[in-house]
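Whatever order the structure lists them in is the order used to number ligands and atoms, beginning at 1.
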Amino acid sequence: MADLTLDAVTKVFEDGEDEIVAVDDVSVEIRDGEFLVLVGPSGCGKSTTLRMIAGLETITDGEIRLGDDVLNDVRTQDRDIAMVFQSYALYPHLSARRNMSFGLEESTDLSQTDIDERVTEVASMMGISDLLDRKPGQLSGGQQQRVALGRAIVRDPEVFLMDEPLSNLDAKLRAEMRTELQQLQHQLDVTTVYVTHDQTEAMTMSDRIAVMNDGRLQQVGPPLELYHEPTNLFVAEFIGEPSMNFLSGRREGSSFVTDRIEYPFSETVADAVEDAEDVIVGIRPEDVAIRDEAGDDPAHEFEMTATVVEPMGNENVVHLEFPGETTGTEDLVAITEGMREVGENESVTVHLPEETIHVFDTATGEALHARQLELDPQALRL
Ligand code: ATP
């Protein structure tokens, strides 16, 4: 068992005269047994990164290492890495059993008895013992994905690579498989890199998340660290559903000013943002508090109108607008408890607690200040 290291890895595709930098100087160390989720929007370079680790794509620059071994020029089949794809990639004419055993028969010296034993054991772990004699066409999507995972597990590799393995499943099954896969990974304790564009998968499954955008790594850290201490606007917006609210404005003295509101900063925040002029204030929907009447923090309370209320049962998602002409840029989304009644077009007092805000530099997108946490910040990193 060993750490997997990406050291300044770059991939440039030649497209006629053009060069496409798909992965740009990515460095990350994935610890032995760690579950790292690589997340980002379509085209950000996730799959290319995974394919370079697998050896399916050459590396333009940089180094990929497993322990002390440099993998750059090692053939795919010699890398001790198993990959699971979105498409399952099962052989349609082979039974589930043969799909799982085929790779071992081809690439190892194991006896047929040992192979059969391993397939039986993994099939039982995956809950597919009854399905081993069926062909993929006779299996549901979820069952096919279990076979595909089983095929990767029987190989007992050093590293699992998974490229959106759950995205062909319906929402309920996806949620089930998410938990199952996470438990399985812990049980097997195999270093795993899992690619998805789904931030919920990233938040719920990973030990650490690596967020990519435009070929570049934006931030790597445990889910709660990225949620509470995003390093820039991109991560702040990408992680969390509904997304963080953003208000664009400028710093004037020690206040934040938009066309609609003036919002005084505490000394701590004012100090953190003193060099910036145009800034964006971010606040998570669950931190936007709706009140029936004014509270005890009037400087951070505003009259707003609830324009749309989406009851979700356990909570309501409330869309809020500042009074005046609608600009569409200063609206907020709040999450309130399910039992709290907010009517559409109702005027409410909205409290934006100062200790919960994030402030970003508009020009660079960099975070200048992150929300205060009651938790010891170290607790996020465990
Ligand atoms: P998705 O979530 O849509 O799969 P992704 O984050 O996995 O996206 P990649 O498939 O890694 O993104 O692609 C990254 C960039 O590299 C994209 O701009 C893509 O168009 C480009 N790219 C990928 N493969 C090739 C190729 N073989 N030739 C040229 N450009 C490529």
Sorted by chain and number, sequence neighbours left out, side chain to side chain contact (heavy atoms under 4.5 Å, CB included) with Thr268 holds for Ser266

Partners passing side chain to side chain contact (heavy atoms under 4.5 Å, CB included) against Arg31 (at least two apart in sequence or in another chain): Asp3, Glu34, Arg208

For Met312, is there any backbone N or O sitting under 3.5 Å from a side-chain donor or acceptor partner on Glu315?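 No, Glu315 side chain to Met312 backbone: no donor-acceptor pair under 3.5 Å.
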
Between Asp78 and Arg75, does any NZ, NE, NH1 or NH2 come within less than 4.0 Å of an OD or OE carboxylate oxygen?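 Judged by the 4.0 Å cut-off on N to carboxylate O distance, Arg75 and Asp78 do form a salt bridge.
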
Side-chain atoms of residues 50-62: list all donor-acceptor pairs with protein atoms under 3.5 Å, sequence neighbours left out, distances to 0.1 Å.
| from | atom 1 | to | atom 2 | distance (Å) |
| --- | --- | --- | --- | --- |
| Arg51 | NE | Glu57 | OE1 | 3.2 |
| Thr58 | OG1 | Lys11 | NZ | 3.0 |
| Thr60 | OG1 | Val12 | N | 2.8 |

Please tabulate, one line per pair, the protein nitrogen or oxygen atoms found under 3.5 angstrom from a nitrogen or oxygen of ligand 1, with distances to 0.1 Å, or say none if there are no such pairs.
| from | atom 1 | to | atom 2 | distance (Å) |
| --- | --- | --- | --- | --- |
| ligand 1 | 2 (O) | Lys46 | NZ | 2.8 |
| ligand 1 | 3 (O) | Ser42 | OG | 2.6 |
| ligand 1 | 6 (O) | Gly43 | N | 3.4 |
| ligand 1 | 6 (O) | Cys44 | N | 3.0 |
| ligand 1 | 6 (O) | Gly45 | N | 3.0 |
| ligand 1 | 6 (O) | Lys46 | N | 3.1 |
| ligand 1 | 6 (O) | Lys46 | NZ | 3.0 |
| ligand 1 | 7 (O) | Ser47 | N | 2.8 |
| ligand 1 | 7 (O) | Ser47 | OG | 2.7 |
| ligand 1 | 8 (O) | Gly43 | N | 2.7 |
| ligand 1 | 11 (O) | Thr48 | N | 2.9 |
| ligand 1 | 11 (O) | Thr48 | OG1 | 2.5 |
| ligand 1 | 12 (O) | Gly45 | N | 3.3 |

His319 and Asp331: side-chain donor and acceptor closer than 3.5 Å?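 There is no such pair (donor and acceptor under 3.5 Å, judged by atom type) between the side chains of His319 and Asp331.
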
